[in-house]
Amino acid sequence: MSIASVSGPVLCIDSGSPRVSVALLSSGDPVRQATAGPRTSSSALLGMIDGLLADAGLAPPELGAVAALAGPGSFTGLRVGLSTALGLHQALGLPAAALPTLEVLAAAYDGPPADTVVAVVDALRGEWFAQLFAGGPAAELRRPRADPAVVGPQEIAAHAPCRVVGFGAAALADLPGWPVAAEPWQPPPLAATGARLAAAGAGRWDAAALTRPLYLRGSPAQPPGRA
């Protein structure tokens, strides 16, 4: 389904990032956004959505579309957000989209001009999910230069001069030998950026994508071995 067939407010959900957020974008109005911490994503998400709709004077059937960030990010958080978006799609017949989190991170950057933006998500174990984007004065100009990958800090630093955009990315600057020209930048909560991208047609309206989280790496939990 194309964005041309979507009319009405766009709801976007990000429950896989450290800053859980939901946002509502209506034509002609500023983006409304609500945020919470990661530990409350599953219990508070529906309440956040209800509150956001109530503040806007809308009922769920008045939504025009729903989108959710697809990862990488928290395994549990991603499943909660994507399943919530899928439920709204199924219950209300809304167009739905899944947005790659790294692309939304790159689009969220609004700091000083940069030729290169590296979007990162902490993958733990000293590694990061990362993707290289072309810089530009506007989010729509930030096109991927490479596929997302799991990398170490040295591989991120090798892209200097650049801006490194991600939650917790400031910790990279404390590493020995980290180049000044690879400056970390802390993003705002991402749902508002996701709502703008979805409304502008950056997302492909395909509800089936909500069933395919972008983990990029398998779960650290392993089934017990056989005796």
Side-chain angles (χ1 to χ4, degrees), residues 1-17 19-35 41 45-46 48-50 52-53 56 58-109 119 121 129 131 133 138-144 147-148 165 187-216:
M1 181 175 294
S2 70
I3 190 67
S5 63
V6 173
S7 61
V10 175
L11 176 72
C12 185
I13 300 167
D14 176 24
S15 57
S17 297
R19 294 287 304 279
V20 172
S21 57
V22 295
L24 183 67
L25 177 60
S26 301
S27 178
D29 293 335
V31 178
R32 300 172 184 264
Q33 185 168 245
T35 64
S41 62
L45 190 59
L46 290 178
M48 292 168 65
I49 293 171
D50 286 343
L52 206 60
L53 292 173
L58 295 172
E62 295 177 274
L63 287 170
V66 61
L69 272 62
S74 159
F75 275 72
T76 300
L78 289 174
R79 289 195 295 270
V80 169
L82 291 167
S83 62
T84 299
L86 185 60
L88 289 169
H89 157 74
Q90 293 173 335
L92 302 174
L94 299 175
L99 305 174
T101 299
L102 292 169
E103 291 186 17
V104 179
L105 276 167
Y109 177 71
V121 171
F129 303 114
Q131 189 171 13
F133 292 82
E140 60 269 18
L141 300 179
R142 298 196 188 113
R143 304 301 184 192
D147 291 333
V165 181
L190 296 179
T193 300
R196 292 188 187 98
L197 288 179
R204 178 168 167 258
W205 296 96
D206 176 11
L210 296 172
T211 66
R212 301 189 292 269
L214 302 178
Y215 293 136
L216 299 188

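Atoms considered below: every heavy atom in the structure, side chains included; atoms not considered: hydrogens, waters and symmetry mates.
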I'd like to check Val31 versus Leu24 (side-chain heavy atoms, cut-off strictly below 4.5 Å). Are they in contact? no

Report yes if some heavy atom in the side chain of Pro9 is under 4.5 Å from a heavy atom in the side chain of Leu58; otherwise report no. yes

Test Val104 against Arg196 for side-chain contact (heavy atoms from CB on, under 4.5 Å), laying out the working first. CA-CA 10 Å; Val104 179; Arg196 292 188 187 98; over 6 Å; no

I'd like to check Pro72 versus Leu102 (side-chain heavy atoms, cut-off strictly below 4.5 Å). Are they in contact? yes

In chain order, what residues pass the side-chain contact (heavy atoms from CB on, under 4.5 Å) check against Ala70, with sequence neighbours excluded? Leu82, Ala98, Leu214

If you define the side chain from C-beta out and look only at heavy atoms, does anything of Val20 sit under 4.5 Å from Thr35? no

Donor-acceptor pair, side chain of Ser74 and main chain of Gly16, under 3.5 angstrom: no

Do the side chain of Glu62 and the main chain of Ala59 share a donor and acceptor less than 3.5 angstrom apart? yes

Distance, nearest 0.5 Å, that separates CG of Leu86 from CG of Leu94: 11.0 Å

In sequence, state the C-alpha distance, the side-chain angles, and the governing distance for Leu105 and Leu190, and then conclude on side-chain contact (heavy atoms from CB on, under 4.5 Å). CA-CA 7 Å; Leu105 276 167; Leu190 296 179; 3.8 Å; yes

Would you indicate whether the side-chain heavy atoms of Leu63 and Val10 approach each other to under 4.5 Å? no

Please test Ile13 against Thr84 for side-chain contact (heavy atoms from CB on, under 4.5 Å), starting from the C-alpha separation and ending with a verdict. CA-CA 9 Å; Ile13 300 167; Thr84 299; 3.9 Å; yes

Sequence neighbours excluded, the answer for salt bridge (Lys or Arg N to Asp or Glu O under 4.0 Å) partners of Arg79 is none

Would you say that Arg143 contacts Phe133 through its side chain, given a criterion of any heavy-atom pair below 4.5 Å between the two side chains? no

